[in-house]
Amino acid sequence: MGNLEEDVIKILATSTFQKIANNDVIKIAQLNATVSLLIKKGIPFDIEFSPGTRRIATQAILTIYIKPTTQLTFIISFDEGGTGADI
């Protein structure tokens with residue numbers, strides 16, 4: 001395995017990525033730390049942010065590029081999902 005793959009594996013083992021993989025709600029500071037780590041290790045990525053609406057929770061989509069044909073995409077929620085209208 002090359003250096004990039006080893007770095008990606010180490011990052012995926014962090015508690016923040018475990019929360020993302022488990023579809024747990026994370027804090028913005030955790031996402032910022034993750035982005036900083038990706039930049040520090042020189043791992044290419046894209047991030048998209050959606051501020052959310054009454055119908056869709058606030059979220060970010062993080063795509064990490066490993067090889068030209070291999071990428072990992074994570075949908076990260078910042079809000080708990082709604083359970084319906086409170087009456």
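The figures here come from the full heavy-atom set of this structure, side chains too, leaving out hydrogens, waters and symmetry mates. What you see is a predicted model, and the numbers here were worked out from it, not measured in a lab.
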When rounded to the nearest 0.5 angstrom, what distance separates [atom1] in [X] from [atom2] in [Y]?
X: Ile28; Y: Gln30; atom1: CD1; atom2: CD; answer: 10.5 Å
X: Asp7; Y: Ile64; atom1: CG; atom2: CD1; answer: 11.5 Å
X: Leu37; Y: Lys10; atom1: CG; atom2: NZ; answer: 10.5 Å
X: Gln59; Y: Ile76; atom1: CD; atom2: CD1; answer: 9.5 Å

What pairs with [X] under side-chain contact (heavy atoms from CB on, under 4.5 Å), at least two apart in sequence or on another chain?
X: Thr73; result: Ile61, Thr63, Gln71
X: Ser36; result: none
X: Lys67; result: Glu5, Thr70

For residues 41-50, tabulate all N or O donor-acceptor pairs below 3.5 Å that involve a side-chain atom, not counting sequence neighbours.
{"from": "Asp46", "atom 1": "OD2", "to": "Tyr65", "atom 2": "OH", "distance (Å)": "2.6"}

### Task
Could you pull out the closest heavy-atom pair between Thr58 and Pro51, with the gap in Å?
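Closest heavy-atom pair between Thr58 and Pro51: OG1-O, 2.7 Å.
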
